[in-house]
Amino acid sequence: MCVRRERGLLSLERKHEPRHSPKLHMKAVLVSASLALVIAILVAWFQWRWSPMVADLVVTNALVFTSDDSLPFADSIAVRHGTILRVGNYSSLKEVVGYGTKELNLKGKIVVPGFIDSHLHLIFGGLQLMQLKLRGINKKDEFVRRVKEAVENRTPDSWILGGGWNNDLWGGELPTASLIDDITPHNPVWLSRMDGHMGLANSVALKLAGITNSSEDPDGGTIMKTASGVPTGLLIDSAMNLLIPFIPELSVDERREALQRASNLALMRGVTTVVDFGRYLPGSSVNLPWEDFSDVYQWADSSGKMRIRVCIFFPLETWSRLLDVVNKVGHAVSKWIYLGGVKAFADGSLGSNSALFHEPYVDEPQNYGLQVTDYEKLFNLTFAADNYGLQVAIHAIGDRANDWILNMYESVISKNGIRDRRFRIEHAQHLAPGAADRFGELGIIASVQPEHLLDDLESATKKLGFDRAQKGSYLFRSLLNSNAQLAFGSDWPVTNINPLLGIRTAMKRISPAWENAWNPWESISVHDALKAYTISAARACFLDSDVGSISPGKLADFVVLSTDSWDNFASEGSASVEATYVAGVQVYP
Ligand SMILES: *[C@@H]1O[C@H](CO)[C@@H](O)[C@H](O)[C@H]1NC(C)=O
Ligand SMILES: *[C@@H]1O[C@H](CO)[C@@H](O)[C@H](O)[C@H]1NC(C)=O
Ligand SMILES: *[C@@H]1O[C@H](CO)[C@@H](O)[C@H](O)[C@H]1NC(C)=O
């Protein structure tokens with residue numbers, strides 16, 4: 001079409017030739033040539049912009065793992081306006097390459113769908129990037145040194161906040177306030193343990209919170225005390241809420257910066273969608289996800305600052321508030337923000353001896369763990385939320401907590417009737433015999449974090465004994481065999497956000513420090529692990545029509561890996577992220 005128009009203009013020119021002087025003639029030629037050029041550019045632009053068929057990006061010569069069973073592998077992807085137009089071999093999408101199509105030749109590199117982290121704490125993790133980092137410290141002296149460093153240059157009375165410590169790395173002895181009281185005489189200190197179920201306060205903080213010899217344990221929590229009844233500074237599960245309200249709320253600007261930092265880290269690791277379980281602490285009635293939703297997420301969305309897609313879960317107690325919002329705006333606030341469902345806790349964590357088991361802890365024979373929510377209350381809330389069509393996710397780590405929630409879900413299903421509700425259990429770490437099968441039978445999603453396996457092996461053997469730990473922990477293969485939907489995540493900042501680490505761990509079940517893999521019969525293939533981090537994770541949060549696979553019509557979120565050998569990747573599981581694309585735009589590096 002554009003070619004014909006140019007010809008028309010030129011022939012018009014020739015007809016007029018004899019009547020004008022050479023100067024005028026030149027001018028006319030120039031004017032009409034530039035006119036022709038403008039028209040040609042406009043036409044080309046319109047064609048490129050509006051033709052239903054022309055791609056703006058074509059990825060070629062790649063080894064694309066699609067997570068889509070209808071075409072598991074391909075070599076090319078065509079993208080248009082942020083959406084996947086076609087997937088296949090180059091010959092099958094050559095016809096959508098047109099004027100303005102950018103071609104990206106990947107020279108055989110592996111491409112996978114953008115990873116979906118099914119369980120993390122995005123803003124909470126971003127804030128930790130800005131606070132005192134104690135992750136990985138394996139000496140108590142170093143722990144003290146870092147706290148001392150953080151106190152320097154701080155004004156008296158300002159809070160020192162930090163987290164990520166793991167006493168198992170220095171032999172298991174728990175830290176106490178006395179360890180840091182001398183170096184922190186004027187500043188309250190609160191340092192949460194890696195798993196977030198326990199924290200250490202110094203004496204200044206305990207005093208501020210009014211925690212003394214005579215303070216009693218709240219329901220679902222423990223104030224650790226010495227043999228003579230003095231608080232040691234450690235607060236477990238709901239006992240943390242005796243102190244947390246005294247910590248001044250963070251400024252909006254700090255939380256917005258946390259989102260940016262967390263998003264950048266996620267994209268660097270190939271994570272393009274996350275399910276955010278908020279800054280919500282066990283047994284807490286403080287609705288932090290709601291504040292972050294309005295102050296941070298909605299702000300970022302409306303000012304064009306969202307860089308990854310976020311699906312948010314809210315406290316189960318606030319289900320009717322979520323229902324009101326969903327009824328007004330729907331689940332998809334935009335292509336960046338999705339309103340997920342509601343979440344509650346059944347128990348605590350293994351590391352803090354508060355996960356709920358059928359048998360007692362081997363290292364604490366009177367202790368079976370903590371049931372952190374009242375049975376009837378949890379049932380009533382789940383029943384109500386489900387009755388109004390909201391998705392419910394419940395944290396359960398110990399085998400008894402998992403059985404309890406499976407039973408509860410079963411009875412809610414029988415009361416409210418069969419529908420596509422995708423109930424989730426978060427963590428599902430330790431399962432009693434037969435429980436894995438029930439996930440499949442009842443259609444319950446197992447939202448698990450492979451990297452926890454590496455943190456837990458030593459403590460699981462110590463706390464549960466070798467047999468129980470071998471038979472019942474991290475049963476990924478058994479869950480898949482039961483046809484349960486397995487959704488992977490990191491629980492970041494509890495473990496590393498990098499999905500490729502989780503994928504490798506799910507395949508190998510071994511850390512470099514160990515001689516043997518942990519119940520290696522529960523290992524899964526690279527295909528299944530990739531799916532658990534992509535399409536199954538998308539189904540687990542009802543986003544499978546938008547993301548989760550490289551399929552025509554879905555958002556063009558994908559990741560280029562550093563390797564071009566599928567065989568090597570499938571056997572070793574080692575690779576790194578070379579580039580990340582969101583909606584067809586390169587966002588990393
Ligand atoms: C892609 O190409 C391969 C090898 O040339 C061929 O075997 C396969 O059938 C093609 N796939 C599609 C979807 O065209
Ligand atoms: C707490 O108990 C310890 C040991 O029994 C005692 O030495 C200390 O004075 C008590 N503290 C307070 C504030 O009562
Ligand atoms: C749960 O609901 C039942 C029936 O509506 C009610 O009788 C009971 O008091 C509720 N229990 C709790 C703990 O809310």
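None of these values were measured; they are calculated from a predicted model. Atoms considered below: every heavy atom in the structure, side chains included; atoms not considered: hydrogens, waters and symmetry mates. Whatever order the structure lists them in is the order used to number ligands and atoms, beginning at 1.
Ranking the protein heavy atoms by distance from atom 14 (O) of ligand 3 puts N380 ND2, 3.2 Å first. Regarding atom 11 (N) of ligand 2, its nearest protein heavy-atom neighbour is N213 ND2, 2.9 Å. Of the protein's non-hydrogen atoms, the one nearest atom 9 (O) of ligand 3 is E376 OE1, 3.9 Å.
Aromatic ring centroids of F357 and H430 lie under 6.0 Å apart.
Judged by distance alone, with hydrogens and angles left aside, the side-chain atoms of Y474 form a donor-acceptor pair with the main-chain N or O of H452 at under 3.5 Å. No donor-acceptor distance shorter than 3.5 angstrom exists from the side chain of R421 to the backbone of V392, with no hydrogens or angles considered. Remark: side-chain polar atoms of Q391 are paired, donor with acceptor, to backbone N or O of A540 under 3.5 angstrom.
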- Test salt bridge (charged side-chain N to carboxylate O under 4.0 Å, His left out) applied to E173 and K140, step by step: CA-CA 9 Å; E173 194 189 335; K140 270 203 303 191; 3.0 Å; yes
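The protein does not reach atom 7 (O) of ligand 2 closely, with no heavy atom under 4.0 angstrom from it. Put simply, atom 2 (O) of ligand 3 has protein non-hydrogen atoms near it, under 4.0 Å away.
Taking 4.0 Å as the cut-off, T212 does not count as a neighbour of ligand 2 on heavy-atom distance.
Evaluated by nearest non-hydrogen atom to atom 4 (C) of ligand 2, the leading choice among P231, S228, A227, G229 is S228.
The aromatic rings of F383 and F379 sit parallel to each other, their planes meeting at less than 30°, with 60° as the upper class boundary.
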